Amino acid sequence: MRQTARNSLIALAFITLASAPAKALPMGWPSNGPNCGVVAHLPLRDLWLGHFAGGRWLRDIYGAKVMDWRDEHVCFSSLGRCQSWQKAMRRSFNRIEGYRTCVRIR
């Protein structure tokens, strides 16, 4: 009985999260992967998918070198916003070169 109630609560949480509207970043909308499904229903003339991968080296509390790696996908309403986001990310994560692109979805 306990397991059934727990599973029901987990299912309810997933349904609630899936039906919630996507919260916009200052320039775009975060995406869980290489698609813009989170905002596909919005009446946008243009839709761009931005991808950034890159990293930097940090020191942990013991002085050891650790890598801070980012691999993010974000949706934008213009190419300019996508490129601005990539420029800001590249400024912060410029030590380890990764992959970045802006792809027009529609």
Side-chain angles (χ1 to χ4, degrees):
M1 181 71 164
R2 285 181 124 165
Q3 190 67 19
T4 304
R6 181 175 171 263
N7 290 346
S8 297
L9 286 174
I10 291 171
L12 180 62
F14 279 122
I15 291 169
T16 304
L17 289 173
S19 64
K23 187 173 181 179
L25 295 173
M27 288 191 275
W29 298 269
S31 178
N32 290 332
N35 65 53
C36 288
V38 293
V39 291
H41 63 281
L42 294 178
L44 300 171
R45 198 179 115 227
D46 291 334
L47 189 58
W48 292 81
L49 174 65
H51 178 228
F52 177 86
R56 62 184 172 185
W57 292 106
L58 299 174
R59 298 272 178 189
D60 67 5
I61 59 173
Y62 302 106
K65 220 176 184 183
V66 294
M67 184 190 322
D68 182 12
W69 182 260
R70 299 295 166 103
D71 187 3
E72 299 182 11
H73 294 89
V74 179
C75 301
F76 298 93
S77 60
S78 72
L79 176 60
R81 288 182 177 184
C82 182
Q83 291 173 335
S84 294
W85 170 75
Q86 287 180 342
K87 189 175 183 180
M89 292 295 286
R90 192 170 184 203
R91 245 183 268 127
S92 297
F93 300 94
N94 61 354
R95 295 293 180 199
I96 304 163
E97 192 71 26
Y99 179 78
R100 63 188 177 280
T101 189
C102 291
V103 177
R104 186 175 188 168
I105 302 296
R106 67 172 174 211

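Every heavy atom of this structure was used, including side-chain atoms; hydrogens, water molecules and symmetry mates were not. This structure is a prediction, so every number in the text was calculated from the model and none was measured.
Side-chain contact between Met89 and Glu72: present, with at least one pair of heavy atoms (C-beta onward) separated by less than 4.5 Å. Counting heavy atoms from C-beta on, the side chains of Phe93 and Asp68 come closer than 4.5 Å. With contacts defined as side-chain heavy-atom distances shorter than 4.5 Å, the pair Leu49/His73 qualifies. The shortest side-chain heavy-atom distance between Trp85 and Val74 falls under the 4.5 Å cut-off. Inter-residue side-chain proximity for Ile96 and Met67 is flagged as met; some heavy-atom pair is nearer than 4.5 Å. Contact of the Leu79 side chain with the Cys102 side chain is registered, since non-hydrogen atoms from C-beta on lie closer than 4.5 Å. At least one side-chain heavy atom of His51 sits under 4.5 Å from a side-chain heavy atom of Asp71.
The two residues Trp69 and Ala53 make their nearest non-hydrogen contact at CZ2-CB, 3.8 Å.
Ion pairing of Arg106 with Asp46 is absent here, as no side-chain N (NZ or NE/NH1/NH2) approaches a carboxylate O to less than 4.0 Å.
The distance from the OG atom of Ser78 to the CH2 atom of Trp48 is 9.0 Å, given to the nearest 0.5 Å.
A donor-acceptor pair under 3.5 Å is absent between the side-chain atoms of Gln86 and the main chain of Gly50, judged by distance alone. For the pair Arg90 (side chain) and Asn94 (backbone), a donor-acceptor distance under 3.5 Å is absent.
When the shell of 6.0 Å around CZ of Arg56 is examined, it contains more than 12 heavy atoms from other residues, nucleotides or ligands.
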